[in-house]
Amino acid sequence: SAGDFSLRARVAGTYRIRAEVVGRATVTSEPLTLVGGRSIEHRVVVAARIGVLSAVPVVERAQCRTRPGDVAETAAIWEEAVKSLRAAAFSDQQRLLRFNVLRYTRAMDRKGERTIRETSERHTVYTSAPFSATDPNVLSRDGYVRRDLLGSLYYGPDHAALLSDAFTNDHCFWVLQPLSQFSEEIGLAFEPVEGRELPEIRGTFWLDRSTGELRRLEFRYANIPEVDADSTAGGRILFSRVASGPWIASEWSIRVPVIQLPRNWKPGQSRSSKPRINGYTEAGARVLSTSVVPPPPPPDEHPHGGDPS
């Protein structure tokens, strides 16, 4: 929708304004010259696009490419996914909203189908970021699972990780058609590049074909010896726009395996005696409501009172 925005430059100079709106064409202005102590007004028109992703072709699985923004087959869908991710990241960084969330932890059976026990509690927080992930370059270097004497720590991808160059370099992408021909979604699937053997994730970004809005991310863990290909270890993030405008991660979950080690087991033993999944632990949260955080008051130019003269 139309709106007025105020931008402040730190120094005088020549700038361009780039406007990115989900489901609309990205617009970059002509050069704008700012003179110290003065302000200018510039109108930016961002045209709506009908059926944003309707014409995106479905690529054969064999054509899995890195750097999706640079490849014609995946560029349009990746551009729209990035817009939603950037918008959600911006909302968190600027602390625009206060979130009332329900957080839960579940213990599940070996198949990940039955909940054995569950605990939950409500919290008020100022970020909807789903995971406290480590630095994207660390994830690229060490993978998404870190092991030590106390066990294994599984990482989920946060906004920074998904938007990083490391993520698009470490994964290849292809367009995925949903199983139902009547589905209003289109997927951008990804998996670790060939030859990458570190603990990783593979999954799919699902977007609305008509609006280009990112609906959810689903992922599974990969390259983990004790986790079979049909394991449900992984997670998902649901995205939505709140009434006041910002994009948020409205619901998320991460599921990790509970590994049972055979007595006196050592790495390299036969497959029959390898560690096995004894169950799953799932943690997640759902945003129940949001409220706008009031902007801070302007600084007092004369905090000690009196006439500055």
Side-chain angles (χ1 to χ4, degrees), residues 22 81-109 111-136 138-139 144-146 151-164 167 185 190 199 201-208 213-221 227 231-258 279-293:
V22 176
V82 165
K83 288 179 183 178
S84 295
L85 290 171
R86 284 178 178 166
F90 179 81
S91 298
D92 284 337
Q93 292 167 358
Q94 301 298 314
R95 306 282 172 149
L96 300 178
L97 298 172
R98 181 186 295 109
F99 301 91
N100 177 26
V101 302
L102 177 69
R103 289 180 174 171
Y104 69 86
T105 302
R106 295 171 181 160
M108 310 193 74
D109 65 7
K111 294 184 178 180
E113 298 175 349
R114 183 172 62 89
T115 299
I116 300 172
R117 61 182 176 274
E118 177 176 344
T119 60
S120 62
E121 55 185 359
R122 295 192 178 197
H123 293 272
T124 298
V125 296
Y126 291 85
T127 174
S128 71
F131 310 112
S132 297
T134 188
D135 182 273
V138 175
L139 291 175
Y144 282 77
V145 180
R146 183 176 300 172
S152 299
L153 178 61
Y154 287 72
Y155 290 98
D158 63 359
H159 304 324
L162 295 171
L163 290 168
S164 69
F167 181 78
E185 296 180 328
F190 63 90
I201 58 172
R202 58 164 53 94
T204 306
F205 297 93
W206 289 104
L207 292 85
D208 186 295
E213 296 176 346
L214 177 61
R215 295 303 188 191
R216 67 189 184 279
L217 164 65
E218 299 172 342
F219 67 92
R220 292 286 183 265
Y221 288 100
V227 177
S231 167
T232 60
R236 69 172 188 163
I237 310 171
L238 275 59
F239 297 88
S240 62
R241 189 201 304 269
V242 299
S244 57
W247 277 88
I248 64 170
S250 56
E251 187 174 338
W252 63 266
S253 64
I254 184 170
R255 180 180 294 185
V256 301
V258 178
Y280 292 91
T281 297
E282 180 176 301
R286 177 165 54 91
V287 176
L288 302 176
S289 63
T290 64
S291 57
V292 177
V293 176

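- Atom CG in L207 sits 11.0 Å away from atom NZ in K83 (nearest 0.5 Å).
- D158 CG to D135 CG: the interatomic distance, rounded to the nearest 0.5 Å, is 9.5 Å.
- Listed by chain and residue number, V145, R147, I224 satisfy the side-chain contact (heavy atoms from CB on, under 4.5 Å) test with P199 (two or more places apart in sequence, or in another chain).
- Between H159 and F239, the shortest heavy-atom distance links the atoms CE1-CE2, 3.9 Å.
- Partners of W252 under the ring-ring contact (aromatic ring centres under 6.0 Å, His included) rule, at least two apart in sequence or in another chain, are F131.
- Ring orientation note: the planes of F190 and F167 are nearly perpendicular, at an angle over 60° on the 30°/60° scale.
- To the nearest 0.5 Å, atoms CD1 (I116) and CZ (R106) are separated by 13.0 Å.
- At a threshold of 4.5 Å between non-hydrogen side-chain atoms, the residues P246 and F90 do not count as touching.
- Although no hydrogens or angles enter the test, the distance criterion places no donor-acceptor pair under 3.5 Å between the side chain of S91 and the main chain of L96.
- Using a 4.5 Å heavy-atom threshold, the side chains of V125 and R103 count as touching.
- Rounded to the nearest 0.5 angstrom, L162 CG and L217 CG are separated by 6.0 Å.
- Not counting sequence neighbours, Y154 has no partner by the side chain to side chain donor-acceptor pair (under 3.5 Å) test.
- Listed here is the closest heavy atom pair of L102 and S120: CD1-CB, 4.0 Å.
- With sequence neighbours excluded, the residues forming a side chain to side chain donor-acceptor pair (under 3.5 Å) with E121 are H123, listed by chain and number.
- Residue pairs meeting the salt bridge (Lys or Arg N to Asp or Glu O under 4.0 Å) criterion with at least one partner in residues 231-255, sequence neighbours excluded, are E213-R241, R236-E251, R255-E282.
- The one candidate from I254, L139, L163, I201 that meets the side chain to side chain contact (heavy atoms under 4.5 Å, CB included) condition with P157 is I201.
- Summarising the geometry, atom CG belonging to D109 is positioned 9.0 Å from atom OH belonging to Y280; distances are rounded to the nearest 0.5 Å.
- Taken from CD in E185 to CG in L214, the straight-line distance is 10.0 Å, to the nearest 0.5 Å.
- Within the structure, salt bridge (Lys or Arg N to Asp or Glu O under 4.0 Å) contacts touching residues 84-100 (residues at least two apart or in different chains) are E20-R86.
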message = For V292 and L97: C-alpha separation, side-chain torsions, deciding distance, then whether side-chain contact (heavy atoms from CB on, under 4.5 Å) applies.
response = CA-CA 5 Å; V292 177; L97 298 172; 4.2 Å; yes
